Amino acid sequence: MSKFTDGVINIVKLVPKGKVVSYGQVAVMVGSPRSALQVGWALHIKGEEGITPWWRVVNKDGYISTKCEEHTKNIQKEHLLKEGVEVGKNLKIDMKKFRWFPKYSTLKNLELDEKYIYLLSEKYKI
DNA sequence: GCTATGACAAGGA
DNA sequence: CTCCTTGCCATAG
């Protein structure tokens with residue numbers, strides 16, 4: 001029940017259908033820009049099947065990068081395709097097209113510090 | 001408190 | 001494209 005883990009889950013739940021975010025992006029949104037790794041961990045541990053859309057999270061290059069046996073790349077791909085996200089042959093997603101950037105009000109609701117909001121817009125260029 | 005681990009990021013060769 | 005290094009940090013044991 002750490003703030004970090006819960007934050008990750010909450011944010012991932014905000015990702016709209018048909019859009020994806022990167023681990024790093026979620027990390028910034030939860031207030032720990034250097035904890036991209038833990039984002040994956042949080043989803044693995046706390047993610048609830050059918051409730052937490054873990055498949056909408058990919059790595060910085062837009063590649064699917066799961067290693068989990070129960071949540072395979074293929075399963076993730078299927079989920080994404082079903083939602084209208086184009087997944088290329090090499091499990092590549094066009095982040096330019098499908099990256100989700102939250103509204104300012106959404107970020108505000110997360111009680112996120114201004115500096116992180118600024119960091120987000122800098123890093124992922126809205 | 002310490003070490004090891006990891007569904008990553010970023011930058012370089 | 002692949003392979004490597006460094007940085008970071010929550011959790012597990």
Side-chain angles (χ1 to χ4, degrees):
Chain A
M1 313 308 146
S2 72
K3 191 172 181 185
F4 176 83
T5 307
D6 289 338
V8 171
I9 299 299
N10 281 331
I11 290 167
V12 172
K13 281 181 181 171
L14 293 176
V15 182
K17 185 176 175 182
K19 292 288 180 182
V20 298
V21 289
S22 70
Y23 292 97
Q25 187 180 346
V26 174
V28 174
M29 283 190 247
V30 84
S32 286
R34 323 287 179 194
S35 301
L37 216 57
Q38 285 61 254
V39 171
W41 178 89
L43 291 174
H44 180 66
I45 300 301
K46 290 264 300 189
E48 303 161 272
E49 207 60 48
I51 300 175
T52 312
W54 57 268
W55 54 87
R56 292 178 193 149
V57 187
V58 297
N59 73 13
K60 69 176 196 295
D61 296 318
Y63 287 104
I64 290 175
S65 61
T66 64
K67 282 180 184 166
C68 187
E69 301 258 326
E70 300 168 43
H71 305 128
T72 65
K73 297 177 177 170
N74 203 45
I75 292 176
Q76 183 166 4
K77 180 181 174 184
E78 291 302 315
H79 274 299
L80 291 171
L81 287 177
K82 200 159 42 175
E83 297 185 348
V85 177
E86 295 165 22
V87 181
K89 266 270 162 137
N90 312 47
L91 300 175
K92 166 94 170 179
I93 294 163
D94 186 351
M95 293 301 272
K96 256 185 162 178
K97 209 166 165 185
F98 297 103
R99 181 191 295 283
W100 172 66
F101 195 88
K103 293 178 180 174
Y104 184 74
S105 57
T106 305
L107 293 170
K108 269 298 182 189
N109 287 337
L110 297 174
E111 297 175 7
L112 196 62
D113 194 284
E114 289 284 343
K115 67 183 176 187
Y116 293 126
I117 296 179
Y118 177 74
L119 187 61
L120 272 177
S121 51
E122 281 297 295
K123 265 178 121 124
Y124 304 106
K125 305 188 180 85
I126 322 173

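So that the names make sense, note that chain A is the first sequence line, chain B the second, and so on, each numbered from 1. Fair warning: this is a prediction, and the values are worked out from it, not measured in the lab.
- If you check distances only, the side chain of A:Lys73 never reaches the base of B:dA7 with a donor-acceptor pair under 3.5 Å.
- Residue-to-nucleotide proximity on DNA chain C shows that, of A:Tyr63 and A:Ile45, the 5′-proximal contact is made by A:Tyr63.
- At the phosphate of B:dC8, neither OP1 nor OP2 sits under 4.0 Å from any side-chain N or O atom of A:Ser22.
- Hydrophobic cluster membership differs between A:Leu37 and A:Trp54, with clusters built from Ile, Leu, Val, Met, Phe, Trp and Tyr side chains linked at under 4.5 angstrom.
- Taking the side chain of A:Ser2 as heavy atoms from C-beta on, and the options C:dC9, C:dA10, B:dA7, the nearest nucleotide is C:dA10.
- With distances taken from any side-chain atom of A:Lys67 to the nucleotides C:dT11, B:dA9, B:dA7, the minimum falls on B:dA7.
- Distances shown here put every side-chain N or O of A:Ser32 at or beyond 4.0 Å from the OP1 or OP2 atom of C:dC8.
- Set against B:dA7, B:dA10, C:dC9, the side chain of A:Ser35 has C:dC9 as its closest nucleotide.
- Listed pair A:Ser65 / B:dC8 meets the phosphate criterion, a side-chain N or O lying under 4.0 Å from OP1 or OP2.
- In terms of hydrophobic clustering, with Ile, Leu, Val, Met, Phe, Trp and Tyr side chains grouped at heavy-atom distances under 4.5 Å, A:Ile75 and A:Val58 are assigned to a common cluster.
- The existence of a salt bridge linking A:Glu78 and A:Lys73 is excluded, since no basic side-chain nitrogen approaches an acidic carboxylate oxygen closer than 4.0 Å.
- Atom-to-atom, CG of A:Asp61 to C1' of B:dG12 comes out at 14 Å; the value is rounded to the nearest Å.
- Across the protein-nucleic acid pair, A:Gln25 atom CD and B:dA7 atom C1' stand 16 Å apart, rounded to whole Å.
- Considering only side-chain atoms of A:Thr5, the nucleotide from B:dA9, C:dT11, C:dC9 that sits closest is C:dT11.
- Not a single donor-acceptor pair, N or O on each side, falls under 3.5 Å between the base of B:dA9 and the side chain of A:Tyr23.
- Take the nearest nucleotide of DNA chain C for A:Trp41 and for A:Lys92: the residue whose nucleotide is more 5' is A:Lys92.
- Looking at A:Lys92 and A:Asp61, no side-chain N of the basic residue comes within less than 4.0 Å of a carboxylate O on the acidic one, giving no salt bridge.
- A:Lys123 has a side-chain polar atom (N or O) that falls below the 4.0 Å cut-off from OP1 or OP2 of B:dA10.
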